[in-house]
Protein chains: 2
Amino acid sequence: MQQAGAGRSFGAGQGSRLAAGPGGETLLFLTDEQLRRGIEAMYFAYRAFTSDPDLMLEEMGYGRAHHRTLHFINRDPGLTVTALLDVLGVTKQSLNRVLRGLLDDGLVESRVGRRDRRERQLYLTDKGAALEKRLSESQRARMRAAYRAAGPQAVAGFRQVLESMMDRDTLRQFQSLRDLPEGKA
Amino acid sequence: MQQAGAGRSFGAGQGSRLAAGPGGETLLFLTDEQLRRGIEAMYFAYRAFTSDPDLMLEEMGYGRAHHRTLHFINRDPGLTVTALLDVLGVTKQSLNRVLRGLLDDGLVESRVGRRDRRERQLYLTDKGAALEKRLSESQRARMRAAYRAAGPQAVAGFRQVLESMMDRDTLRQFQSLRDLPEGKA
DNA sequence: CTTGGAAAGTCAACAAGACTGCCCTATTAC
DNA sequence: GTAATAGGGCAGTCTTGTTGACTTTCCAAG
C-alpha cells in the first residue's frame, strides 16, 4: 500500500497547540500558515479529484457541467428541472444548454410531471446511466483509495471539516440530499 | 460553538465496518453510497469554500484565476512566469491575460530576473498584497471556523484524506510548496 | 370561465477563462 | 553563430456561466 504520501502526512501535530478552554473544551491554535496549507490542499485535491472524469468527458465532447447534471439526476431520478437548478446553483439558461445536449444524445429522458404537467421530470436512460457509472466509479475509486490510505478516523475528520466548511444553505442542501432512492450498486 | 451542523456529523461510524486485514492493518469497508456522500461533500464544500472570494473578486472585475495568481505570487515572491504556469497547470496564453490585467492595474510587478534576464520575476505590490490578504483572510476565516467546529483530530484526518486524494505529480507539487518565504502575518 | 402567475423552454448577446496555433523578441547555452 | 529557452502578443475556438426578453403550457383562484 502506501498510496501517494499517505505515510508522512503533516496533520495537526506540527506547530498547532491544544489547550483547555474556559468551559473545558479543547481549543486549537492554528497559524495562518497552517490554514493556508489547508486552503492549498483543498485546491490541489479538488483539481485531482475532478481530473479523471474531466478526461473521459472531454473525449466525448462533454464538460463538468454534464457530469454534475448526470450525477444529480442519477441520485434522484424524476427530479424536476427547477429542483436540479436549485441544487446546481446555476441559471435556467445555463442548465438548458447542457440538458438539451444530454437529451439530444439520448442520455437523459424528460417526462411530463404526473402531479403538475408543467414540470419536466428527468431520468437517465440506460446509456446515460452507463456514462454516469463510468464517471462516478473513477471518482469513487479515488475516494476509496484515499480513504483506505488515510484510515477510518481520517475519513470521519475529513467529512466533519467539509461539512463545517459549508454555509447554512449549502449544508441544508447537502443534508436534504441524504436519502437515496434505491440501493443501486 | 456548534457551527453549522458540526454536532451531528455522519463520519465513518454509520454503516462502515472495521476489520483486521491479513497483515494486521485495519481495513475499511465503504459502501458506494458512503463514497458518493464524500464526493458530494467535496463538491458542496469546495463551492462554499470559494464563494466568499468569488463575491469580492466579482465586484472588482476579477475572477478566480486572478485569486490563484495572487495567492501563489504572495506565497513565493519572485517566482518566474514558468513556475507559476507549472503550479497553476494552465497555458501561457491563459495566464497571460490574467497576469496582464493584474500588471496593468498595479497589483503585480514584473522584474527582470537577476540570474537569467529572460525570466520575469513576479511580486505583489502593496495594493496587490492588500487584495490578496482580503481574499485569503476570508478563506482562512472559513477554514478556521471549520477546524474549530470539527476539532483537532478531524483537522488531521481532513488533510490526510486530501493528500491521499492527490495523484503523484500534484502531491509532489503540493509538498514542494512546503517552505514559506518569510514569517508574514 | 377567465385570468394571473408559475414552470419551462427558446433566442440573442455577452464575459471569463480555459484551449490551440503561430509569430516575435530577448537572452542564454552550446 | 546557431539553437534553445523565457516570455509576450495575436487570432480564433470552446465551455460554461451570465442577462434580458419572449412564448407556451398549465394550474388555480377569482
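Here is how names work: the chains are called A, B, and so on, in the same order as the sequence lines, proteins then strands, and each is numbered from 1. Heavy atoms only: backbone and side chains are in, while hydrogens, waters and symmetry mates are out.
For B:E119 and B:R100, each mapped to the nucleotide of DNA chain D holding its nearest heavy atom, the one lying further toward the 5' end belongs to B:E119.
Contact check of residues 85-93 of chain A against DNA chain C (heavy atom, cut-off under 4.0 Å) returns A:K92, A:Q93.
Note that the CZ atom of A:R172 and the CG atom of A:D167 stand 10.5 Å from one another [nearest 0.5 Å].
A:Y62 is not listed as a side-chain neighbour of A:M56, based on a closest heavy-atom distance of 4.5 Å or more. Side-chain atoms of A:L131 and A:M60, non-hydrogen and from C-beta on, do get closer than 4.5 Å to each other.
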If you restrict it to nitrogen or oxygen atoms, what contacts under 3.5 Å exist between nucleotides 12-15 of chain D and the protein, and what is each distance?
none

For nucleotides 25-30 of chain D, give me every protein contact, N/O to N/O, under 3.5 Å, one pair per line with atom names.
{"residue": "D:dC27", "atom": "OP1", "partner": "A:R117", "partner atom": "N", "Å": "3.4"}

In residues 41-52 of chain B, what donor-acceptor pairs under 3.5 Å come from side-chain atoms, sequence neighbours left out?
{"residue": "B:Y43", "atom": "OH", "partner": "B:R47", "partner atom": "NH1", "Å": "3.1"}
{"residue": "B:R47", "atom": "NH1", "partner": "A:V87", "partner atom": "O", "Å": "3.1"}
{"residue": "B:R47", "atom": "NH1", "partner": "A:L88", "partner atom": "O", "Å": "3.0"}
{"residue": "B:R47", "atom": "NH2", "partner": "A:Q173", "partner atom": "OE1", "Å": "3.3"}
{"residue": "B:T50", "atom": "OG1", "partner": "B:Y46", "partner atom": "O", "Å": "3.1"}
{"residue": "B:T50", "atom": "OG1", "partner": "B:R47", "partner atom": "O", "Å": "3.2"}
{"residue": "B:T50", "atom": "OG1", "partner": "B:R64", "partner atom": "NH2", "Å": "3.4"}
{"residue": "B:S51", "atom": "OG", "partner": "B:A48", "partner atom": "O", "Å": "2.6"}
{"residue": "B:D52", "atom": "OD1", "partner": "B:R142", "partner atom": "NH2", "Å": "3.3"}
{"residue": "B:D52", "atom": "OD2", "partner": "B:R142", "partner atom": "NE", "Å": "3.0"}
{"residue": "B:D52", "atom": "OD2", "partner": "B:R142", "partner atom": "NH2", "Å": "3.0"}

Residues 123-130 of chain A side chain polar contacts: donor-acceptor under 3.5 Å, at least two apart:
{"residue": "A:T125", "atom": "OG1", "partner": "A:G106", "partner atom": "O", "Å": "2.6"}
{"residue": "A:T125", "atom": "OG1", "partner": "A:L107", "partner atom": "O", "Å": "3.2"}
{"residue": "A:T125", "atom": "OG1", "partner": "A:K127", "partner atom": "N", "Å": "3.4"}
{"residue": "A:T125", "atom": "OG1", "partner": "A:G128", "partner atom": "N", "Å": "3.1"}
{"residue": "A:K127", "atom": "NZ", "partner": "A:D105", "partner atom": "O", "Å": "2.9"}

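Distances shown here put a side-chain N or O of A:R68 below 4.0 Å from the OP1 or OP2 atom of D:dG17.
With hydrogens and angles left out, the side-chain atoms of A:Q175 and A:E163 include a donor and acceptor closer than 3.5 Å.
Of the possible polar contacts, none joining the A:R75 side chain to the B:R36 backbone as a donor-acceptor pair under 3.5 Å is found. No donor-acceptor distance shorter than 3.5 angstrom exists from the side chain of B:R117 to the backbone of B:R115, with no hydrogens or angles considered.
Atom-to-atom, CG of B:N96 to P of C:dA18 comes out at 13 Å; the value is rounded to the nearest Å.
Sorted by first then second residue, the side-chain hydrogen bond (donor to acceptor under 3.5 Å, both in side chains) pairs that include residues 90-103 of chain B, not counting sequence neighbours, number zero.
The side-chain hydrogen bond (donor to acceptor under 3.5 Å, both in side chains) test with B:E137 singles out one residue from B:K133, B:R134, B:R140, and that residue is B:R140.
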